[in-house]
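Here is the structure we will look at.
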Protein chains: 4
Amino acid sequence: DAPGWVSGSLSDRFRAMRSLTEALAAPLSDADATLQSMEDASPTKWHLAHTTWFWETFLLRDNTSDHHAYHEDWAFLFNSYYEAEGERIDRFARGMLSRPTLDEILAYRRHGTDAMGELCDREELAPLIELGIAHEQQHQELLLTDIKHALFQNPLGPAMWDRSEAAKAQPGEPKSRGWYEHLGGIALLGHDGDGFAYDNEGPRHRTILEPFALSKTLVTNGEWAEFIADGGYESVGLWLSDGWAWVKEYGIEAPLYWRDDEQFTLAGWEARDPAAPVTHISYFEADAFATWAGHRLPSEAEWEAIARGQRPEEERLAHDPMAGNQLDVPASDPSWQIPHPRVEAQGDGLFGNCWQFTGSAYLPYPRFRIADGAIGEYNGKFMSGQNVLRGASCATARGHSRPSYRNFFYPHQRWQFTGLRLAKDL
Amino acid sequence: DAPGWVSGSLSDRFRAMRSLTEALAAPLSDADATLQSMEDASPTKWHLAHTTWFWETFLLRDNTSDHHAYHEDWAFLFNSYYEAEGERIDRFARGMLSRPTLDEILAYRRHGTDAMGELCDREELAPLIELGIAHEQQHQELLLTDIKHALFQNPLGPAMWDRSEAAKAQPGEPKSRGWYEHLGGIALLGHDGDGFAYDNEGPRHRTILEPFALSKTLVTNGEWAEFIADGGYESVGLWLSDGWAWVKEYGIEAPLYWRDDEQFTLAGWEARDPAAPVTHISYFEADAFATWAGHRLPSEAEWEAIARGQRPEEERLAHDPMAGNQLDVPASDPSWQIPHPRVEAQGDGLFGNCWQFTGSAYLPYPRFRIADGAIGEYNGKFMSGQNVLRGASCATARGHSRPSYRNFFYPHQRWQFTGLRLAKDL
Amino acid sequence: DAPGWVSGSLSDRFRAMRSLTEALAAPLSDADATLQSMEDASPTKWHLAHTTWFWETFLLRDNTSDHHAYHEDWAFLFNSYYEAEGERIDRFARGMLSRPTLDEILAYRRHGTDAMGELCDREELAPLIELGIAHEQQHQELLLTDIKHALFQNPLGPAMWDRSEAAKAQPGEPKSRGWYEHLGGIALLGHDGDGFAYDNEGPRHRTILEPFALSKTLVTNGEWAEFIADGGYESVGLWLSDGWAWVKEYGIEAPLYWRDDEQFTLAGWEARDPAAPVTHISYFEADAFATWAGHRLPSEAEWEAIARGQRPEEERLAHDPMAGNQLDVPASDPSWQIPHPRVEAQGDGLFGNCWQFTGSAYLPYPRFRIADGAIGEYNGKFMSGQNVLRGASCATARGHSRPSYRNFFYPHQRWQFTGLRLAKDL
Amino acid sequence: DAPGWVSGSLSDRFRAMRSLTEALAAPLSDADATLQSMEDASPTKWHLAHTTWFWETFLLRDNTSDHHAYHEDWAFLFNSYYEAEGERIDRFARGMLSRPTLDEILAYRRHGTDAMGELCDREELAPLIELGIAHEQQHQELLLTDIKHALFQNPLGPAMWDRSEAAKAQPGEPKSRGWYEHLGGIALLGHDGDGFAYDNEGPRHRTILEPFALSKTLVTNGEWAEFIADGGYESVGLWLSDGWAWVKEYGIEAPLYWRDDEQFTLAGWEARDPAAPVTHISYFEADAFATWAGHRLPSEAEWEAIARGQRPEEERLAHDPMAGNQLDVPASDPSWQIPHPRVEAQGDGLFGNCWQFTGSAYLPYPRFRIADGAIGEYNGKFMSGQNVLRGASCATARGHSRPSYRNFFYPHQRWQFTGLRLAKDL
Ligand SMILES: [Fe+3]
Ligand SMILES: [Fe+3]
Ligand SMILES: [Fe+3]
Ligand SMILES: [Fe+3]
């Protein structure tokens, strides 16, 4: 069953998506939702309000008669980086917003959702609404990774959701590695124009691939433990120069959230499954691991070529962007899975569990142009110093990602569900 | 009427003091009480719990049969700087404690207060209980100044208490300055052993004073505005070298919490009363102002000599440590005053409104010895780089201070209710 | 006449190259040569000694009988980032090396040059010697840009070379802009294996180009002044997000070394020629300027395609890597030009005056492998977070660069002779 | 024989003092004299020039007809912190002054010394000239401690002076500790007005002392080794709170310049004499040691009372400020001693070997007033956050110090010859 935000009328999808946001925040108290644990992260309350501000600013303000700002000061608080939309609160001060309260922000959300009501039926607004849905889905994922980081700071190791004994994953059986092979040649890279995509996924353009192979499996916790045991974090020769400086400055010795045989999860501290994909690693670590393993990271063009399955001999369905371990409705359904990487079921393909580092820098595709206006600030200005990740994680709303989807982070960041899938030349 | 924590049985005083702590936190939500706005400050919840941990660790643990730690992990969370009591949470991580909740901490407080019940009647414990009361009173003041700083970070400028129109102070009439004169000679400095005092207030010892005078009035907001208008913050010659570096690095142009003609208070942003004492200034600022005014800061010995009123010609009663604008019960009584500096009533003497900078470094008195054990860490180890302040502020629990009381802060700190009273040579 | 390091026997070229290094340092005192003005830069003495250490370590040690280290402690001082060659001095401490003296280091250089004598005739060593020549030439350029930065710190603005009145450039006449056009298609990128190249210039591989044009002229000081006058440094919309943060943090308002109508040069402070190419700009600035101008930066593949002149209709000779304003022997010849950007003579082509930013991240080419051993550390480990620049500057030894040459710096760095050449889609 | 700067005509003393400065710099090259190893330190060349700037600015400018600035830009370079004398170079940029050269600065010195010629005979200028002599003597000591710190950064460990085998100190015999006792009472503190003194040494005033004793010996390297062996640097209970934070942040484990059984000296790395006084310790370390030893630091009043020998039963001559291990002419005399702490000869008294920490904060004496004008900036503005040291060190020009002399440094600084002498209550 596809989640409600994937199919049905735009209005239904909009509401299902909004409900998911609120369901994710449901286990949190006002105090939990106020925490900001680092400059890269934002409080849950801020995510809840900012996504509503987005609807208010880019849809409601210009398309409803008699629109009034819900609260005149909140645009200042909940704008993020849209410079064209005026001043905004200093990023670090987001963690000081004990007011407005969580209840006030939830009321703001209800007001926004209701006000959007009829706009969802206006066909000319559909593209903007699709953008708004995608935007809020990105914040759903950030909400989860940000609160995970905040709760991790607490020595009590609080859980966001309790996992029943029954629901606890049995240690999995690691899949044996296999490779998706590609003969090389000219490939088309970028969104094909069918359905929604971000501006940074286009324009579609030709690129040349040399013969290569991409691993069918993600690197696991167990493999990472071997890397550590083999002195991976102490071997300068494995690391990029900037990566080694980072390791030394911060005393990095393991992925984020590791402690002995445990790892911190949204259900608190739990035993680590060696067969599950490793997550919460930086680009620097991914690159060093690949070097250690005698392989390399794929380029984003390689990853996308496999994901598209252009060649008939590949199992096209294996790469269904809707499949794999992604975020579903945290319903009353007891089988609901707390977002966490799990051994991949056979056939999961390239999506799910974690975002996968590529060796590609996040740069504009040929002939990319930044759109005009505030929305135009969206993606282009971040095209410096970051790396592209592909796929989707256990915290990505199922249906949000695509073969052409480009996620991006700085090479030292690792509070997302980030992992890796090796590649090699043929 | 003296507040309940001042007179009556030790048990009654203990309970009244504990109630005050809770009354101060009463207007705050769990989220408010979780905020930590800077490393110098602590969340309200932390103050509430830490003061209880103090009773548990230094009184209940050793003096009640069958004592169990209320929660085994909380000592780690709520220890402050008592190294002898084991590891403690990194100071900056205090702001990440959304759990335990405010309600859980209030339950901890009730449990602690109840458990103390009979101990208050054991005479041999009275000195330690007096210390505990004084300790918690210090945290009451910090609770107020810390939450003020946290709420100030919020662009909405939230109020902790709402001030009714009726209760709003009318602009006061500044008192004309007069001087308390002192002929000099040998004075006794330090606590006389009668009643409770901190270790740092003794031993009592002789000191020599030269003839001097101490202002009868505190410097006011209006006088400070003249200092600013006269280029006080731009005149390097007025400043200590370290003070000037601080002014330049942080772009200091006015006392903390000033904005145009307003100042931030525990009742939110309010008009500033030129006749009221200036507060939230650093030692550097106090010293520069005194230089500008052609006077100087008093030494702590001078301040104490006036406060003691050793000479009959002084109005001894004027310096009653119980008098002046200090913290009383925030009762349902509508006349209760939100802690804020106000024009001093005639006869207020040296106590109340704000802590007053002296030019004295915070150093041990002759023959001071640090006591053994964890409690012994209390004051001695801070005797470097700080300055002594005397008096009591509008946020000091009435009755907490004394003529010999030594408060101390670093020369750049100014989130306390700090002000100044000028001195001059005769 | 080609400089001596370009043609002739390898032995002659080696000696001519070594002489150039010493000629560049000749105007400097021991004290000048000791200065280190920032962590990115090194003292002249360090460059003089480190390049000799390179010959000693990678050539002399293993290929001469009875080799002894010239000084046992100097490997520690003059190793740079070759981890495999052992410990090395903290980068910032390089500026503390008043000893060994400049004379001692020059003696070390003579000893090294002499010891290399016969090795230059051993054919099997030729590739390593070519690498050593290229390595020392890179340090020649760094020597010039580092000492320029150091002398700039001195309020007296000392000149490294005095420019006679006669030699002073007359303000030039800006060339009118034209465009080199390219029809797109499959291009071969990377070194073709003929002659020396760094490992990072290969392997040669196919890439796809869309039709584009590359400016025949470099952006000039005059055009940059227009950018400033038009509010270029104050318009957030022109900047990458990281670039804007850099502008704000460091208060950037103009290229490095600009002051009123002057700029700091190796001949001290001089009037700025509006017709000359702008230099000493960061990638952030180059990108913002291109956006402001309505164009973009070229990719490195585009730049190289034009430089190669694959299409007959282009003036192939115009792109002679030996042509243009590059570094020649600072001989007694009074016509010798102090390294400084000058209006390009017609037909200079793509090389000379300044390194030109591309929009390409510095990443490995497909199938690039890091070579084994210490030399292998050379280029691969810097492939993160940097941008590629192409061409050659007025401080690049003529003959050092090639169409496939990849220079690289971090996006904020600008102490090199860096400039830009615009590109556009066709 | 007293050094030439101590007795004779003012003119002779001025010239002898100037010669000493130059003699101290004589072993240094231009490059050595250009080094600045930290913000607290200045290059030798800067000391040489700044002291000449002082004579030029405060004596020559106003008292010679037709005075011209020696070089119009140099006031900017060589002013230190006299705000009233205009802008000055950023403190850290002092290390970039390869120009002017050492020779040019020595010529400036000769010019200044000659120009002062007749002024030394004008009686009304004598006080200012005495101040200038004292000022330059302070810089003589800084010159030595600053260049020691700079040479220490060099892994080669260069020596400023070579010590002949013959001149190498034999390990000394530690003196047995004895105590100077004082019965307490009213003492006069501060300069008595006879001879030159800095403004901060007055006004003379009464103070009260309790009975105490001051050690006859300085703490030795051997005693410090015991402190280390006993876990002194790992015992939080011994340290001031700020001191412990400093130990942890910088990984402090021993005095500055210690390495195994050696210490870095002005003659390079040498074996450490356990019997010699420990030096290069911070106030934090001195305080922790005193606590560990069961004693305390003296107050400055206590130290001065012993140094004055007010009571007849003390050996007054033992405290001769001219005696002990202090700086003499580094003449051709082979017996000249490179400045370095040595076992004290019996009867050395309180002066020599090292500056001795007191527990007193550096604050104005009662009725101290900052003098008007640029000279007035001299001492008063540093009266915050520093501690007083008394005595004189092996790098203090003999005759420079006095019983009332107040030296002062921040509690973490330790690049001076700083040590300690214990005190205790009686
Ligand atoms: Fe957003
Ligand atoms: Fe406490
Ligand atoms: Fe190199
Ligand atoms: Fe000076």
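Within every chain, numbering begins at 1; the chains are lettered A, B, ... in the order of the sequence lines, protein sequences first and strands thereafter. Just so you know, these numbers come straight off a predicted model, no measurement behind them.
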Residue from Leu426(D), Leu209(D), Thr291(D) scoring the most non-hydrogen pairs under 4.5 Å with chain B is Leu426(D)
Top contributor to chain B interface from Ser384(D), Gly243(D), Gly359(D), Ala361(D) [non-hydrogen pairs under 4.5 Å]: Ser384(D)
For the atom pair [atom1] ([X]) and [atom2] ([Y]), what is the distance rounded to the nearest 0.5 Å?
X: Phe368(B); Y: Asp425(D); atom1: CZ; atom2: CG; answer: 12.5 Å
X: Lys424(B); Y: Arg367(D); atom1: NZ; atom2: CZ; answer: 12.0 Å
X: Leu363(D); Y: Leu363(B); atom1: CG; atom2: CG; answer: 8.0 Å
X: Gln386(D); Y: Asp242(B); atom1: CD; atom2: CG; answer: 6.5 Å

Chain D heavy atoms under 4.5 Å from [X]: which part of the residue, side chain, backbone, both or neither?
X: Thr207(B); value: backbone
X: Leu240(B); value: both
X: Tyr362(B); value: neither

Looking at Glu210(D) and Pro366(B), what are the two nearest heavy atoms and their distance? CG-CB, 4.5 Å
